[in-house]
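See below for the structure under consideration.
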Amino acid sequence: MAERSTVSTAMRPLVGVIALLALAWSLAQADDENPQADAKAWLAATKQAVSHLNYRGTVAHLKDNRIESLQVLHRMSNGVEQERLLSVNTPMREVIRNAEKVTCYFPDSRSMSVETKPLRQSFLLDLPTDLTALSRHYTLSLGGTEHVAQRLARLVRIDPLDDYRFGRRIWVDVESKLPLKYELLDENGQVVEQMVFNSLSVEDSIPAQELSASTQFDGSWKVKQHETLPADSLIWTLDGVPDGFQMMSYTRLKRGPGNRAIDHILLSDGFSSVSIYIDELMNEFFTAQPRKVGGINSYTRKLDKYLVTVMGEVPAKTVQSIANGIHQQDPYRK
Amino acid sequence: MTNENKDLRQRISLLLDAELDGRDNPVLLDKLERDEELKATWQRYHLIGQVMRSPGGMLADADFAARVSALIQDEPTVMAPRWNALRAESTTRRKVVTFALAASLASVAVLIGKSLTDNAGDFYALSAKPQAVASIDSNSVESGKKMADEQFNDYLLMHNETAYMAGSAGMMPYVRLVSAGPDR
């Protein structure tokens, strides 16, 4: 008994130190009283970091039990943002961004596309500008810290408030605020897609020549064509779209023999994007099949003489609801 | 076959595959309209293309070819290229929509609770990518799948390519794009 008491007395100063440390820690966490606002601050810092820092790294992208390794380079010089992303394995695809212009090279199909991308959006992590509007459909919260790619990272959780969207986990580098790891979670909380930096280096500057395309192409490469259409030319009504999704773009693609026209409507709720394709119905023969590739679900149906395909990083029920809710505005005017 | 004929046929084939633009080749189009033999060639190539695109159904009928030949004989004019017809039609059918770009679609309707079990529309998309004629047999289901895969992969690429416009895509659409191989 006496012995135990002695030990306990000896430990008293240590207990005091632990208590002080705990107090300091709780003060440091005081802003967690509003966890949603704090998580938003972390996401806002991440958005700033991905567009303003000079960095290079190797990213592993996992989906459907397959891992792809990619190189990422980002440069901000004199207010001009440049990015380069390339796969290190076949099919060696490459994406180059110079300010607003984005060029995608597809050596596997000997084709390329040139797009104009709004400024200040990263290849890695496009975060919504209006984080407040998101809280109608997602809960943001902060998790603990852990190491990713040998760097200390803070976990930011993004959980959907209904079952029409997927959740996300982002591990943000405490020092640089870059996203070190990203997970997309399905409705059962299972990871369906993951991106993680294997190596990352934030640098003062990166030479411009490292941001230029390495893909060699010639005149035989096809340039994918599309035209942007005004929203008021839309002939489709969308009745099955869950709350929070908005139309981001309406384009017409030209494909295949005879430049077949395919209408492409892009929707987004801020985190998740959904594409609607309305294509010419090629053939009356079908076999049933909703599809899933990594975190992307897709659903296809026949609509009169059209083929409607809806896909996006959302649950299967979301793409089905959207696909089933598409109608032509005036089906009797043909 | 003369060399000139061979060249013409090659160019017709390119035209059909949209590798030649009709607008840039008025002489070829003119010839095509005037020359009965070329007309027939155009029809034949069209038919070949359609058969190649079909997973098998079109070959079921034994006298199918004979009937098509008869129809071609009876056809007084060249059928307009498909894309022209489509273009004209889509123009006349454009209608004004009720909501503006980026306006919330939420007000249009939310179908929570609507039955999603109507599987009548479940099917497999068959694309227009030409396939080997040899595959039109018991393998037609497989070949149909392959064509649908190609079409699906094209959609998937476009989705990942344009998802940045969502300003949000959350998870790096370009990483998906470069990380490529939609399931193969």
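In the text below, chain A, chain B and the rest are named by the order of the sequence lines, each starting its count at 1. What's counted below: heavy atoms across the whole structure, side chains too, no hydrogens, waters or symmetry copies.
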- Message: So B:F152 and A:T300, do their side chains get closer than 4.5 Å, heavy atoms only?
- Response: no
- Task: Taking all heavy atoms of A:I296 and all of B:H159, pick out the closest pair and write down the distance.
- Result: CD1-CD2, 3.9 Å
- Task: Check side-chain hydrogen bond (donor to acceptor under 3.5 Å, both in side chains) between A:Y277 and all other residues, then give those that pass, not counting sequence neighbours.
- Result: none
- Query: Side chain, backbone, both or neither: which part of A:I322 has an atom under 4.5 Å from a heavy atom of chain B?
  - Reply: neither
- Message: List the residues meeting side-chain hydrogen bond (donor to acceptor under 3.5 Å, both in side chains) with B:Y155, not counting sequence neighbours, and say none if there are none.
- Response: A:D279, B:Q151
- Message: Within this structure, what is the CD1-CE distance for the pair A:I262 and B:M158, rounded to the nearest 0.5 Å?
- Response: 9.0 Å
